[in-house]
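Just so you know, residue 1 is the first one in the sequence shown, and it goes up from there.
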Amino acid sequence: MKKLMILGAGIYQVPLIKKAKEMGFMTIVISIKGNYPGFNYADTVYYIDTTDSAKVLEVAQKENIDGIVTTGTDVAIATLGLVCEKMGLPGIKSSAATKVCDKKLMKEAFYQGMVNTAQYKESATNISEYELINMCVKMQFPLVFKAVDSSGSRGIEIVKKKEDISSAFNTVLSVTKQNYFIIEEFLNGQEFGAQAFVQNGKIEFVLPHGDYVFQSKTGVPIGHFVPYTIDMESDLITNEVVKAVKILGLDNCALNLDFIYAKNKIYVLEIGARCGATCLAELVSIWYGFDYYEKIIEVAMGIPVDFSPKNTSRVPNASKLLISSNTGKILNINNSIKNITDYYELQFDYTMGDFVKKFSVGSDRIGHIITVGKTLDEAELKLNDCIKNISFEIEE
């Protein structure tokens, strides 16, 4: 039986584990210990931090794996790249993984490859308050402070005025493990995302999607929708993807992209070498009519994949996370949706008695709901109606 190593055992890796087992592969899951749902489905579990590349490589070689993959998280990408390179497996190589896991290196590559991106400055984390304020004042507010080694909107904060600098700096310091971070210009425009895939040097598809955003210290996506329309030539988006993929050296991997349309240009904010979280794999699957998890796994296992859409017409869909405005224990889950046909998928991650967090970042989710329709308006109407009929009683 062929072996697939999956990095992570969280809610966004569960569909990968289930699909791999369904496809007849032995699943070897790597994760630190914790209450992670993926452990319940794995054939073999190794309790190792996915960022510990040397230990993960040692296990991968011992198990003689045939492929390695993850989704929904950036923290394991450097490890994935090392294993692919050392074992000759399909997927990104170490040099590419290093660049996409460090926002400063990514920005440097974008500049080199003439990719449209926001301007930025690098700063050491041991900078004095006086020097930091002077640096920011010389730039134009608002600004964005970013930890270079974080994901899921962690370590990112918008600085609108001088008085916000200290809070944003502390946010970065609380997350980063590096001794530097970046300060980026804030582009005022239309933000959106895209899912894409590169196989053997070819961009198989680029699917722009709209985002539903929860405003925390920065905007945190809590859902997505397709189709997404923007008043510009779609080729301009693909052109920026092609340039970014080439200069970063990405290949045989899913792509998760953040864009902004500003100043009559498309800017690439960030790119991840994996499928996005928050129901984005499901969004791709529904829109094109194929199982995206299956295709991600097949590429990781060296199986040539046809990404041709299976739908004669695309299927509009919308999704949102179920979240809590309080931290505490779930006393009750109220679900008064009367018609099951109103939704495509409804999932609760927790049950009564479980402890949940007040929503701040994507991992604080309690579940999700996905709806489809003949039009996006129909899908969104169903989505909003369903969410009105779901509530949680939380004991603080």
With sequence neighbours excluded, residues passing ring pair (Phe, Tyr, Trp, His ring centres under 6.0 Å) with [X]:
X      : answer
Tyr343 : none
Tyr12  : none
Tyr292 : Phe205
Phe110 : none

In terms of heavy-atom contacts, does [atom1] of [X] have more than 12 from other residues, nucleotides or ligands at under 6.0 Å?
X      : atom1 : answer
Asn40  : CG    : yes
Lys310 : NZ    : yes
Gln119 : CD    : no
Glu163 : CD    : yes
Lys93  : NZ    : yes
Lys246 : NZ    : no

Closest heavy-atom pair and its distance - [X], [Y]:
X      : Y      : result
Glu185 : Leu143 : CA-CD2, 4.3 Å
Pro208 : Val206 : CD-O, 3.4 Å
Pro90  : Cys84  : O-SG, 3.2 Å
Leu82  : Ser53  : CD2-CB, 3.4 Å
Cys101 : Asp74  : SG-O, 3.7 Å
Ile333 : Thr351 : CD1-CA, 4.1 Å

_Geometric cation-pi criterion, Lys295 with Phe290: 6.0 Å, 45°_ =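 Flagged: Lys295 positioned over aromatic ring of Phe290.
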*Examine Lys104 relative to Phe181 and say whether NZ or CZ is less than 6.0 Å from the centre of the six-membered ring and inside a 45° cone about the ring axis.*
no
Tell me, do [X] and [Y] make a side-chain contact under 4.5 Å, heavy atoms counted?
X      : Y      : answer
Gln195 : His209 : yes
Ile366 : Phe359 : no
Asp66  : Leu4   : no
Met87  : Leu57  : yes
Met5   : Val59  : yes
Tyr120 : Glu108 : yes
Leu255 : Phe197 : no
Val372 : Pro316 : no

*Derivation of the side chain to side chain donor-acceptor pair (under 3.5 Å) call for Ser324 and Asn326*: CA-CA 5 Å; Ser324 172; Asn326 300 305; 5.1 Å; no
If hydrophobic residues (ILVMFWY) are linked whenever their side-chain heavy atoms come closer than 4.5 Å, directly or via other members, who joins [X] in its cluster?
X      : answer
Leu105 : none
Ile260 : Leu187, Tyr267, Leu269
Val75  : none

_Intermediate values then yes/no, salt bridge (Lys or Arg N to Asp or Glu O under 4.0 Å), Asp164 and Lys161_ = CA-CA 6 Å; Asp164 298 336; Lys161 54 188 184 300; 3.3 Å; yes
Side-chain atoms of residues 22-31: list all donor-acceptor pairs with protein atoms under 3.5 Å, sequence neighbours left out, distances to 0.1 Å.
unit_1: Glu22; atom_1: OE2; unit_2: Lys19; atom_2: NZ; d: 2.8
unit_1: Thr27; atom_1: OG1; unit_2: Asp43; atom_2: N; d: 3.0
unit_1: Thr27; atom_1: OG1; unit_2: Asp43; atom_2: OD2; d: 3.0

Using the test salt bridge (Lys or Arg N to Asp or Glu O under 4.0 Å), find all partners of [X] that sit at least two apart in sequence or belong to another chain.
X      : value
Glu131 : none
Glu63  : Lys3
Lys243 : Glu240

So how far is it from [X] [atom1] to [Y] [atom2], rounded to the nearest 0.5 Å?
X      : Y      : atom1 : atom2 : value
Thr79  : Leu7   : OG1   : CG    : 6.5 Å
Glu298 : Phe307 : CD    : CZ    : 8.5 Å
Leu132 : Ser166 : CG    : OG    : 9.0 Å
Asn389 : Asn339 : CG    : CG    : 11.0 Å
Cys279 : Arg365 : SG    : CZ    : 6.0 Å

Strictly distance-based, threshold 3.5 Å: is any side-chain N or O of [X] a donor or acceptor partner for the main-chain N or O of [Y]?
X      : Y      : answer
Lys99  : Ser94  : no
Asn264 : Ala262 : no
Thr278 : Ile222 : no
Thr117 : Val268 : yes
Lys160 : Ile158 : no
Asp291 : Tyr293 : yes

*asked:* Using the rule given for side chain to side chain contact (heavy atoms under 4.5 Å, CB included), can you reason through Ile369 versus Ile337, listing the C-alpha separation, both sets of side-chain angles and the distance that settles it, and then say yes or no?
replied: CA-CA 12 Å; Ile369 185 162; Ile337 300 175; 4.2 Å; yes
*Could Lys103 and Glu184 be called an ion pair, given the rule that one side-chain N must be under 4.0 Å from one carboxylate O?*
no
*Under 4.0 Å between a Lys/Arg side-chain N and an Asp/Glu carboxylate O for Lys62 and Glu58?*
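A salt bridge is absent here (no side-chain N lies under 4.0 Å from a carboxylate O).
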*Would you check, one step at a time, whether the test salt bridge (Lys or Arg N to Asp or Glu O under 4.0 Å) holds for Glu270 with Lys146?*
CA-CA 11 Å; Glu270 293 180 17; Lys146 289 186 176 182; 3.1 Å; yes
*What residue pairs, at least two apart or across chains, pass ring-ring contact (aromatic ring centres under 6.0 Å, His included) with a residue in residues 44-66?*
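Of all non-adjacent pairs touching residues 44-66, those that pass ring-ring contact (aromatic ring centres under 6.0 Å, His included) are Phe39-Tyr47.
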_Between Tyr228 and Phe259 (judged by ring centroids, cut-off 6.0 Å), do the two rings come close enough to count as a pair?_
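They do not qualify: ring centres at least 6.0 Å apart.
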*Any donor-acceptor N or O pair under 3.5 Å, side chains Arg154, Ser360*: no
_Tell me whether the rings of Tyr212 and Phe225 are parallel (<30°), tilted (30 to 60°) or perpendicular (>60°)._
tilted
*Could you go through the salt bridge (Lys or Arg N to Asp or Glu O under 4.0 Å) check for Asp354 and Lys329 one step at a time?*
CA-CA 5 Å; Asp354 288 341; Lys329 184 171 69 173; over 6 Å; no
